[in-house]
Visitor: 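This is the structure I have questions about; it appears just below.
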Amino acid sequence: MKQILILCTLLLGSFLSLAQTPAGDRTRLKETLAEEDYRQAVVLLDRIMQEADSSEIRNLSLEKARCLKKLYRTREAVEVLTGIMRPDDLTVLSELADCHFQDGSAEDALGCYTMLSMLRPDNPFFRLRKAALLFRLKDYEGTVEEATTLLQTDSIPRAAVLSGDALTELKRGEEALGMYERALGMNPGDMGVVTRIVRNKLGRKDYQGVLETVEPYLAENPDDMRLLPSKGLALYKLKEYKRSVDVFEHLKALGDTLSYGTRFFLGQDYSELNVIYRAKRELEAAWQIDSSDVELALAIASVNSRGHYSFREEVLPWYDKAHAMLQPDPVLSARVFQGYATGFFRQNDWAQAIVWYKKAYESNPAQKYFLSSIAYCYEQLKDYRTALSYYEEYLKAAKPGSSNYRFAEESVRYLKGELFMQEPSAPTP
């Protein structure tokens, strides 16, 4: 028994000794690579390279760099590849380019892929990577040029998409649309391209075009939550409010209850249809999702005002919110101030209405009808002389024949009569 143990020990020692020889390391390297044990492979490669001759260093270093890249140790891989780089070695240059790309070093990667594209202009992968890197570096003109050149010889959807994205950034919408449609023609099922086309058409206010794009896909999949919001928005913009309501209610039924756009535009649809209580519910739900939109605050104020809710409790606070959020935008400011004024006007609080109508007019002097409103408020306060001056200023700019113009003319005649009656009679000689 003792002799058997001694024999086994000797055999194991011999095996371990053999495994640690260069020949043993090479055998084990094949096994570790097959097992994808890249950490151990790096250790073995380092040992093998210590004994290898110069003719093998290039291939062994290349293998080590690939292992390091698999381990996401890309900077170490770059160092290894840089050490064996030769101007005419496309394989090493390609690996180096991919390491820079993987590491996020866009400028270094672009330099490598530019060189590779020059050395191998027939390789579409190199040119596509170059185009992608140009886009990443915001060289949009260069992206379009590279992608367009590639498309002259290769039908690659990704190249058309890159060109379309770059053209979008360059504000060349129609050209971008052409590229997206070209990409979709190469790959009709690519929903990423479909959504790009939809965004393009929405940006160019081609709402009918949006419907033409999404309808064929929705006919096959009516619950596609990627396309339904765009359909609902396009219908709203086309003033087809009932159809838009159907789309957004369908989205809610599918579980899309926390989308700002769904609740906001559904509220706007109901507002246009004069279904006030539903408009109020949807717009206030949108506010719970995002309370940073001044347009939403104004919409809620408007809906509550039309619904005859308490001005001070349900309308005025929303104008306060809108006012607090305002950026220096005179048109929006005028709308907010007009909202205040209208509310106080309806409360017969003429003095406060005058304050806010004046602010509205100061913000947007192009809206001359504010002058008529100010005049009417002064008239109700029986300050006929001031009222007359505002009516007369309004008539100078107003359109003759309109209902507001005729009203102002009648008011002027009435006020002049009242002021004449108030003047003291001349003394009798």
Side-chain angles (χ1 to χ4, degrees), residues 168 173-174 176-177 180-181 184 190-309 314-315 318-319 321-322 325 331-332 335-336 339:
T168 298
E174 289 191 17
L177 178 62
Y180 291 142
E181 289 179 338
L184 191 62
D190 190 337
M191 293 305 298
V193 178
V194 174
T195 55
R196 280 176 166 85
I197 291 173
V198 169
R199 283 199 301 269
N200 179 285
K201 291 183 176 180
L202 284 173
R204 295 187 301 108
K205 299 182 180 181
D206 180 10
Y207 303 120
Q208 192 60 48
V210 171
L211 296 180
E212 291 170 2
T213 299
V214 302
E215 290 289 12
Y217 293 93
L218 288 172
E220 295 183 7
N221 183 8
D223 296 340
D224 193 324
M225 295 176 70
R226 295 167 296 181
L227 299 180
L228 282 170
S230 299
K231 179 180 178 181
L233 174 57
L235 289 168
Y236 168 77
K237 292 293 187 179
L238 291 169
K239 300 184 178 181
E240 296 192 35
Y241 303 120
K242 290 183 179 179
R243 290 179 64 196
S244 181
V245 162
D246 290 341
V247 173
F248 287 121
E249 288 288 6
H250 182 48
L251 275 164
K252 282 176 61 181
L254 293 172
D256 184 24
T257 59
L258 298 178
S259 167
Y260 176 82
T262 295
R263 306 308 290 264
F264 176 78
F265 285 110
L266 186 54
Q268 295 286 52
D269 281 326
Y270 280 128
S271 176
E272 295 291 345
L273 293 170
N274 209 34
V275 186
I276 300 301
Y277 76 98
R278 287 189 175 177
K280 176 181 172 67
R281 180 188 65 193
E282 295 301 328
L283 292 172
E284 289 183 351
W287 183 265
Q288 294 302 313
I289 297 167
D290 184 355
S291 59
S292 64
D293 188 353
V294 65
E295 289 286 352
L296 175 56
L298 285 171
I300 296 173
S302 175
V303 163
N304 288 354
S305 178
R306 288 163 54 203
H308 303 294
Y309 294 94
E314 296 285 349
V315 180
W318 287 104
Y319 282 121
K321 288 181 173 69
M325 290 189 291
V331 175
L332 278 178
R335 286 179 58 192
V336 172

Visitor: What pair of heavy atoms forms the shortest contact from Thr257 to Ile289, and how long is it?
Guide: O-CD1, 4.1 Å
Visitor: Considering non-hydrogen atoms only, spot the tightest contact between Met325 and Ala297 and give its length.
Guide: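 Scanning both residues completely, I find the closest heavy atoms to be CE-CB, 3.8 Å.
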Visitor: Roughly how far apart are Asp290 CG and Leu258 CG, rounded to 0.5 Å?
Guide: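 Rounded to the nearest 0.5 Å, the CG-CG separation comes to 13.0 Å.
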Visitor: Rounded to the nearest 0.5 Å, what's the gap from CG on Leu238 to CG on Leu211? Could you check?
Guide: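 Spacing of CG (Leu238) from CG (Leu211) equals 6.0 Å.
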Visitor: Taking only residues two or more places apart in sequence or in another chain, which ones pass side-chain hydrogen bond (donor to acceptor under 3.5 Å, both in side chains) with Tyr309?
Guide: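 Per chain and number, Tyr309 pairs via side-chain hydrogen bond (donor to acceptor under 3.5 Å, both in side chains) with no residue.
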Visitor: Minimum heavy-atom separation for Leu228 to Pro222, with atom names?
Guide: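 Minimum heavy-atom contact is CD1-O, 3.6 Å.
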Visitor: Please give me the minimum heavy-atom distance between Ser230 and Val210, naming the atom from each residue.
Guide: O-CG1, 3.9 Å
Visitor: Could you list the residues that satisfy side-chain hydrogen bond (donor to acceptor under 3.5 Å, both in side chains) with Glu284, not counting sequence neighbours?
Guide: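 Glu284: side-chain hydrogen bond (donor to acceptor under 3.5 Å, both in side chains) contacts with Lys280.
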Visitor: Who are the side-chain hydrogen bond (donor to acceptor under 3.5 Å, both in side chains) partners of Asp256, not counting sequence neighbours?
Guide: Thr262
Visitor: Indicate yes or no: at least one non-hydrogen side-chain atom of Leu332 is less than 4.5 angstrom from one of Glu295.
Guide: yes
Visitor: Measure across Val294 and Ala322 and return the closest heavy-atom pair with its distance rounded to 0.1 Å.
Guide: CG2-O, 3.6 Å
Visitor: Would Lys252 and Arg263 count as a side-chain contact (heavy atoms from CB on, under 4.5 Å) if you check the C-alpha gap in whole Å, the side-chain angles of each, and the deciding distance to 0.1 Å?
Guide: CA-CA 9 Å; Lys252 282 176 61 181; Arg263 306 308 290 264; 3.9 Å; yes
Visitor: For the atom pair OH (Tyr207) and CD (Glu212), what is the distance rounded to the nearest 0.5 Å?
Guide: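 Here the rounded value is 15.0 Å.
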Visitor: Write down the atom of Ala176, the atom of Asn200, and the distance for their closest heavy-atom approach.
Guide: CB-ND2, 3.9 Å
Visitor: Using 0.5 Å steps for rounding, measure from the CG atom of Leu202 to the CD1 atom of Ile197.
Guide: 12.0 Å
Visitor: Using the side-chain contact (heavy atoms from CB on, under 4.5 Å) rule, take Asp293 and Tyr260 through it: C-alpha gap first, then chi angles, then the decisive distance, then the call.
Guide: CA-CA 11 Å; Asp293 188 353; Tyr260 176 82; 2.9 Å; yes
Visitor: Determine which pairs satisfy salt bridge (charged side-chain N to carboxylate O under 4.0 Å, His left out) with at least one residue from residues 201-211, sequence neighbours left out, and list them in order.
Guide: none
Visitor: I need the single residue from Val198, Leu184, Leu218 that forms a side chain to side chain contact (heavy atoms under 4.5 Å, CB included) with Thr213. Which is it?
Guide: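 When side chain to side chain contact (heavy atoms under 4.5 Å, CB included) is applied between Thr213 and each of Val198, Leu184, Leu218, only Val198 qualifies.
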Visitor: Taking the side chain as everything from C-beta on, heavy atoms only, tell me whether Glu215 gets closer than 4.5 Å to Lys231.
Guide: yes
Visitor: Between OG of Ser302 and CD1 of Ile276, what distance do you get to the nearest 0.5 Å?
Guide: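 With rounding to 0.5 Å, OG (Ser302) is 8.0 Å from CD1 (Ile276).
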Visitor: Check whether any side-chain heavy atom of Leu227 sits under 4.5 Å from a side-chain heavy atom of Thr195, and report yes or no.
Guide: yes
Visitor: Are Asn274 and Arg306 packed together at the side-chain level, in the sense that at least one heavy-atom pair is separated by less than 4.5 angstrom?
Guide: yes
Visitor: Quick test of your reading: applying ring pair (Phe, Tyr, Trp, His ring centres under 6.0 Å), list the pairs with at least one residue in residues 236-258, sequence neighbours left out, ordered by first then second residue.
Guide: Tyr236-Tyr241, Tyr236-Phe265
Visitor: List the residues meeting side-chain hydrogen bond (donor to acceptor under 3.5 Å, both in side chains) with Glu249, not counting sequence neighbours, and say none if there are none.
Guide: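 Scan of Glu249 (side-chain hydrogen bond (donor to acceptor under 3.5 Å, both in side chains), adjacent residues dropped) gives Tyr270.
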Visitor: With a 4.5 Å cut-off on side-chain heavy atoms, are Asp224 and Met191 touching?
Guide: yes
